[in-house]
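These numbers come from a predicted model, not from an experiment. Chain letters run A, B, ... following the sequence lines, proteins first, then strands; residues in each count from 1.
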Protein chains: 2
Amino acid sequence: MARISNTKNSTRKEVITLAAARLFREKGFSATGMRDLAGDVGVEAASLYNHIRSKSELLQEICFRIANAFTAQLNELETDQKTTSIQKIEAVVRFHIRMWIDRLDEVLVANNESKYLEEPYHATFMNERRIYVRRLEMIIEQGIRDGQIRIIEPYAVVLTLLSAVRGIEFWHRTKKNISAAQLEESMVANLIGGLKK
Amino acid sequence: MARISNTKNSTRKEVITLAAARLFREKGFSATGMRDLAGDVGVEAASLYNHIRSKSELLQEICFRIANAFTAQLNELETDQKTTSIQKIEAVVRFHIRMWIDRLDEVLVANNESKYLEEPYHATFMNERRIYVRRLEMIIEQGIRDGQIRIIEPYAVVLTLLSAVRGIEFWHRTKKNISAAQLEESMVANLIGGLKK
DNA sequence: AAAAAATGCTAACAACTGTTAGCATTTTCC
DNA sequence: GGAAAATGCTAACAGTTGTTAGCATTTTTT
């Protein structure tokens, strides 16, 4: 009767959730079975239900934890009145890059598997996302008004920035010459500074 | 006994494949049942097998058709010796944008569901992708040597460019003020021209 | 050390999966 | 119009799915 190992900082539910994040990313939510997950944490499938309510609950946990992390960073950022629009956008981009580097499993699940959230969670998640994008648009708009950002479609900019960092997924697959720090600097330079000489 | 409608330019297999692309995108490959697909084309599940070999075959069809489209464009582009590196990169980016706008279903399936390809198809697909990325890197490298592109990590640039256009997925969801042409120009300006004033 | 709580196990369920067999009907071809 | 090909249907298969019930064991608390 092997127990799920837990530490002071990590409940058994937490261990299961992180294992689920890895599996949901690798195999997708639908293709991941509770028996896969149980095997990964070293237990029978039925035993999982002493710690979680359902497979869906795991997905909710993962998705909203990530959504909250992004929202919290933006909240904190907006309280600082001294930073310029460009600086704010750069801080957001850097935060996204680090999240994609440090917490790839969860971030990818929140991006790719959130469609399997049940209602009303799915609607809530999509709505939070919409609001988040809108808030970023407003920062861009402010930067344009201040003459700091050249005149450009704010919506397109935000879509571009938020998607561009997804390339990090492939960097993970083939960890090569380039380090995380290098990758971050190159991406920031490319996205904020532009490509042309 | 309702037949699957077909036209001169579109075999029944083609009709099924495009319906599959839409469902695979919406619900994911694993969560899409053959009975869903059958219902969508107005037929019983078993009847599909008069036209296709398996569910997997549909995924292969979709993924490699898209992969071939991108490779073909790059082949054509590279035969033209008159274009500069920047022009080539811009042409590639524009092609990606148009593919994401015009053939969203198939492109998204090739991106998100290719992991469900069986071997050896999955390995082949990933390899083709790797080679494609490498070829783009070489164009960037050439541009740097020519002094046309500022010194920057080519691998990071390619990852950024190829991922940035994925933002179009969300544009599709909320077709708003901004037109496809506007979106393309904004993205190109942002990615090629840079953000800073 | 006894009682209570936590955690694990096996067995089972109903629903759903992709696919095949066998047969009926419609369309295409000569 | 008759033969051959194409396409559809129903029924069924073996396997897998998430989850629950009931019970055994271990850990924690008193």
### Message
Check the orientation of Tyr116(A) and Phe29(A). Use parallel for under 30°, tilted for 30 to 60°, and perpendicular for over 60°.
### Response
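Taking Phe29(A) first and then Tyr116(A), their aromatic rings lie parallel (interplane angle under 30°).
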
### Query
Mind checking whether Phe125(A) and Phe64(A) have parallel, tilted or perpendicular rings, split at 30° and 60°?
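Ring orientation of Phe125(A) relative to Phe64(A): perpendicular.
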
If I take atom [atom1] in residue [X] and atom [atom2] in nucleotide [N], what distance separates them, rounded to the nearest angstrom?
X        : N       : atom1 : atom2 : value
Arg53(B) : dT20(C) : CZ    : P     : 11 Å
Met34(B) : dT16(D) : CE    : P     : 19 Å
Leu58(A) : dG18(D) : CG    : C1'   : 12 Å
Leu48(A) : dA6(C)  : CG    : P     : 18 Å
Glu44(B) : dT26(C) : CD    : P     : 16 Å
Tyr49(A) : dG22(D) : OH    : C1'   : 17 Å

Between [N] and [X], is there an OP1 or OP2 to side-chain N/O distance shorter than 4.0 Å?
X        : N       : result
Ser47(B) : dC9(D)  : yes
Arg35(B) : dC16(C) : no
His51(A) : dG8(C)  : yes

### Query
Contact class for Ser56(B) (heavy atom, under 4.0 Å): base, sugar-phosphate, or nothing?
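The answer is nothing, as Ser56(B) stays clear of every strand by at least 4.0 Å.
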
### Task
Report the C-alpha distance between Arg25(A) and Glu169(A) in whole Å, list the side-chain angles of each, state the deciding distance to 0.1 Å, and finish with yes or no for salt bridge (charged side-chain N to carboxylate O under 4.0 Å, His left out).
CA-CA 11 Å; Arg25(A) 167 177 79 102; Glu169(A) 178 184 355; 5.8 Å; no

### Message
Assess, by modelled atom type and distance only, whether the side chains of Asn75(A) and Arg135(A) contain a donor and an acceptor separated by less than 3.5 Å.
### Response
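Yes, side-chain donor-acceptor contact under 3.5 Å.
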
